[in-house]
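Each remark here refers to the structure printed beneath this line.
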Amino acid sequence: MACPTKRGVVLVADDDPVMRLLMLQMLGQVGLDGVEAEDGARAVALMRELRPDLILMDVDMPNMDGFAACKAIRDDAAGATVPIIMVTGGDDIEAVTNAYEAGATDFVSKPINWPILGHRVLYVLRASDAIARLRIADAQNRAVLAAIPDTFFRLNRDGVYLDYERGHDAGAGLSDSDCVGRHITEVLPREIAERLLEQMENVLATQQIRSVEYELLRGGSAQHFEARLVATGPTEVLGLVRDISERKRTEEQIRRLAYCDSLTGIPNRQAFLETLERELHRSKMGNKKFAVLFMDLDAFKRINDTLGHNVGDHLLQLVSERLRETTRPSDMVSRGDQATNLARLGGDEFTILIPDLERVEHALNVAHRVKEAMRRPFLIEGNEIFVTASIGISLFPEDGDDCNSLLKYADTAMYHAKNCGKNNAKLYSSSLTMQIMSHVKLEVGLRKALGNDELYLLYQPQFDVHSTEIVGVEALVRWRHPERGVISPTEFIPLAEETGLIVPIGEWVLRTACSQARNWQRQTRRSVRMAVNLSAKQFKDENLSQIVLSALHETGLDPRFLELELTEGTLMDDAKATLATLEQLRRIGVYLSIDDFGTGYSSMNYLKRFDVRALKIDRSFICGLPQDSENAAITRAIIAMAHGLKMVVVAEGVETGEQLVLLQQYGCDLVQGYHLGHPVPGDSIAQKLVGVVQAAG
Ligand SMILES: Nc1nc2c(ncn2[C@@H]2O[C@H](COP(=O)(O)O[C@H]3[C@@H](O)[C@H](n4cnc5c(=O)[nH]c(N)nc54)O[C@@H]3COP(=O)(O)O)[C@@H](O)[C@H]2O)c(=O)[nH]1
């Protein structure tokens with residue numbers, strides 16, 4: 001016979017001492033201790049005092065019978081759960097009924113089968129233990145469920161609610177009477193109910209937890225829920241429903257932040273790439289076309305640098321606003337959220353997606369509208385700011401069939417548009433990629449050119465119109481490319497400017513030219529002015545004066561013999577800063593001139609204040625002379641104006657004797673051009689200078 005691990009105490013209540021003795025013996029045999037009570041009242045008192053694990057109670061006893069004692073024990077909190085086995089007469093069915101009504105756990109009838117009674121007592125004790133454990137577990141479960149805000153329910157395999165307890169954070173908002181006994185499809189919208197039933201089947205099949213998220217409309221707004229389903233038996237599932245609306249709102253906010261450009265409020269690069277990916281998929285499936293427009297503001301950097309980042313930021317906000325308006329018309333977007341078709345990739349780069357494109361002209365029309373919209377002045381802090389935009393367009397499927405390529409090609413086309421003079425819109429073509437590749441190759445070569453000694457200078461003489469003496473030379477750089485031969489500066493100087501390489505190249509030109517001028521002085525005992533072209537980037541370089549000073553110092557050239565040529569564009573770009581830089585250069589004592597005069601825009605007021613020494617009339621005005629009467633008039637006017645400002649006038653591009661004579665008549669001071677001399681190596685100039693000296697001697 002199995003014994004309990006811990007010896008239990010059984011209270012035996014019987015008025016018959018023999019019965020009590022027999023019971024105590026039986027209990028001893030199954031490893032239990034017994035205490036005796038001779039009547040019901042004593043049994044109740046001992047129960048309170050000793051808290052026995054079980055009570056064996058005879059029905060018929062003096063003072064208080066077994067039924068009354070059983071009821072009294074049950075009414076007492078200390079005895080509410082103690083198992084009570086009633087001992088009834090043989091076939092006294094009424095006694096059995098009374099015993100259960102009084103709260104008995106079980107009964108045995110006389111005559112007693114003693115070995116069976118031992119088993120019965122042990123069984124009831126074990127069952128009582130199990131019930132006690134269940135009670136504790138149930139209390140714990142209830143405490144846990146009360147502590148969490150979730151609503152919980154139980155569903156049977158058919159989808160009928162067995163139980164429903166509404167959570168204290170409003171939960172799914174239903175009550176148990178709405179649910180218990182009803183099928184889930186009667187309680188929740190069919191689509192949600194079916195998803196839950198499908199997952200319930202999975203949970204029952206795998207015995208693993210599954211969750212389902214769904215959305216319900218409550219009071220006009222959407223509430224989000226997550227139901228976690230866990231199997232509680234082979235045909236039953238427990239569901240815990242949590243209101244996740246707040247989490248969804250936070251996720252949506254995070255998503256918005258991650259997908260929204262914080263400056264302009266329009267979608268950012270990530271959002272655009274995802275939209276593009278979806279559009280690509282949709283267009284592939286539906287055999288449709290679309291276009292990607294890539295827009296970049298022309299000279300935005302200049303606005304940022306000169307007017308400050310606040311103005312730059314404000315401008316970008318207004319630009320995106322205008323783009324939004326421009327891309328609003330119905331022909332722009334055929335479906336979906338129009339806002340996501342427009343995005344800011346970063347800086348001053350914007351993209352527009354045109355879905356369901358029927359004709360290429362449509363993309364060009366949109367680009368044209370955007371360009372025109374950008375040309376209208378932007379009013380910022382009381383100032384009118386003028387910008388233009390360059391736009392590149394790539395097409396699906398013609399140009400590529402993946403997002404990266406389409407975006408890259410639109411970007412490539414935009415660069416092409418910029419190179420074609422800005423304020424332009426260009427379609428991508430595969431030849432552009434070739435052009436860009438050769439551009440890149442050239443850039444790689446140019447980066448090495450300085451170190452590899454591939455650059456050299458030629459010098460073009462400048463003559464005094466009246467004495468026809470050489471008074472100066474202009475240093476002109478050349479690149480002897482190892483594969484391509486000599487490359488013209490018209491090809492590589494713009495590239496050098498674009499990449500910033502012009503600064504080290506320009507410094508090398510300056511030092512080499514100064515050194516050459518000093519050598520000529522030593523060789524020929526003649527001093528001529530050496531003119532060096534300065535690009536805008538060099539002019540804006542804060543180290544410019546230092547570089548000029550060090551070139552002069554190292555070579556020993558007198559500053560009077562160094563001329564720095566600047567274009568109108570360079571000077572007028574930021575006239576106030578120009579004044580300061582010119583002042584530094586003037587203090588060094590170098591000679592300053594304006595190159596290509598007449599091709600840009602000059603403010604007369606600033607021209608006067610810049611106080612430069614010479615002005616070079618651009619060769620485009622000279623080349624038509626003498627036939628072109630308008631160019632003749634312009635040339636005369638420039639000479640008169642320059643002389644009025646006490647400036648020396650140089651005419652460039654003099655190609656004929658007639659032009660030279662005319663310029664003499666107009667009163668021009670100096671001339672330069674193929675008629676008088678092509679750009680030549682330094683030795684040739686030295687010979688010319690020696691020749692002049694010998695002729696004079
Ligand atoms: N920042 C720097 N720019 C430089 C430097 N070296 C040259 N350049 C600039 O490159 C452009 C092209 O120069 P280049 O091919 O050398 O042409 C020069 C002359 O050869 C040409 N020229 C001179 N006379 C005539 C003529 O009678 N007819 C004719 N068709 N062309 C002629 O003009 C160019 C000189 O122009 P400019 O500088 O405007 O006086 C050119 O813009 C150069 O400035 C450099 O080191 N740095």
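Quick note: numbers below take in every heavy atom, side chains included, and nothing from hydrogens, waters or symmetry partners. When a ligand or atom number is given, it counts from 1 through the structure's own listing order. This one's a predicted model, so the numbers in the text were calculated from it and none came from an experiment.
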Plane angle bin for Y409 and Y428 - parallel if under 30°, tilted between 30 and 60°, otherwise perpendicular: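 Aromatic pair Y428/Y409 classed parallel.
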
Between [Y] and [X], is there a salt bridge with N-O shorter than 4.0 Å?
X: R322; Y: E372; result: no
X: R484; Y: E491; result: yes
X: R324; Y: E321; result: yes
X: R344; Y: E349; result: no
X: E652; Y: K616; result: yes

Within a distance under 4.0 Å of any heavy atom of [X], pick out the atoms of ligand 1 and give their elements.
X: T490; result: 12 (C)
X: V509; result: 46 (O)
X: G673; result: 24 (N), 27 (O)
X: P679; result: 20 (O)
X: K616; result: 40 (O)
X: G653; result: 25 (C), 26 (C), 27 (O)

Can you find a protein heavy atom under 4.0 Å from [atom]?
atom: atom 13 (O) of ligand 1; answer: yes
atom: atom 41 (C) of ligand 1; answer: no
atom: atom 10 (O) of ligand 1; answer: yes

Would you find a donor on one side and an acceptor on the other, under 3.5 Å apart, between the side chain of [X] and the backbone of [Y]?
X: N304; Y: F300; result: no
X: N452; Y: E454; result: no
X: Q546; Y: N543; result: no

From CG (L307) to CD1 (I385), nearest 0.5 Å: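 Reported value, rounded in 0.5 Å steps: 5.0 Å.
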
Polar contact flag, side-chain donor to acceptor under 3.5 angstrom, S593-E563: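 Judged by distance alone, the side chains do pair up.
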
Side-chain donor-acceptor pair present, D402, S405, cut-off under 3.5 Å: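 Looking only at side-chain atoms, S405 and D402 do form a donor-acceptor pair, the distance falling under 3.5 Å.
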
R478 touching ligand 1 at heavy-atom level, < 4.0 angstrom: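 True for this residue.
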
Min heavy-atom dist G506 to ligand 1 below 4.0 Å: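 Contact check G506 vs ligand 1: negative.
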
Test of proximity, Y674 against ligand 1: N or O pairs below 3.5 Å: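 Yes, since at least one N or O of Y674 sits under 3.5 Å from an N or O of ligand 1.
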
Contact (N/O only, under 3.5 Å) between E474 and ligand 1: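 It does: an N or O of E474 is found under 3.5 Å from an N or O of ligand 1.
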
To check your reading of the model: name the closest protein heavy atom to [atom], its residue, and the distance in Å.
atom: atom 7 (C) of ligand 1; result: L476 CD2, 3.6 Å
atom: atom 15 (O) of ligand 1; result: P489 CG, 3.5 Å
atom: atom 24 (N) of ligand 1; result: Q460 NE2, 2.9 Å
atom: atom 21 (C) of ligand 1; result: R619 NH1, 3.6 Å
atom: atom 28 (N) of ligand 1; result: E655 OE2, 2.5 Å
atom: atom 37 (P) of ligand 1; result: E652 OE1, 3.3 Å

Would you kindly specify which portion of [X] sits under 4.0 Å from ligand 1, judged on non-hydrogen atoms: side chain, backbone, both or neither?
X: V477; value: both
X: H675; value: neither
X: N533; value: both
X: D596; value: side chain

Result of checking N533, L510, D595 against L564 for side chain to side chain contact (heavy atoms under 4.5 Å, CB included):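 Running side chain to side chain contact (heavy atoms under 4.5 Å, CB included) over N533, L510, D595 with L564 returns exactly one hit, L510.
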
Sole residue of V486, V477, T512 in side chain to side chain contact (heavy atoms under 4.5 Å, CB included) with Y456: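 The single option meeting the side chain to side chain contact (heavy atoms under 4.5 Å, CB included) with Y456 is V486.
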
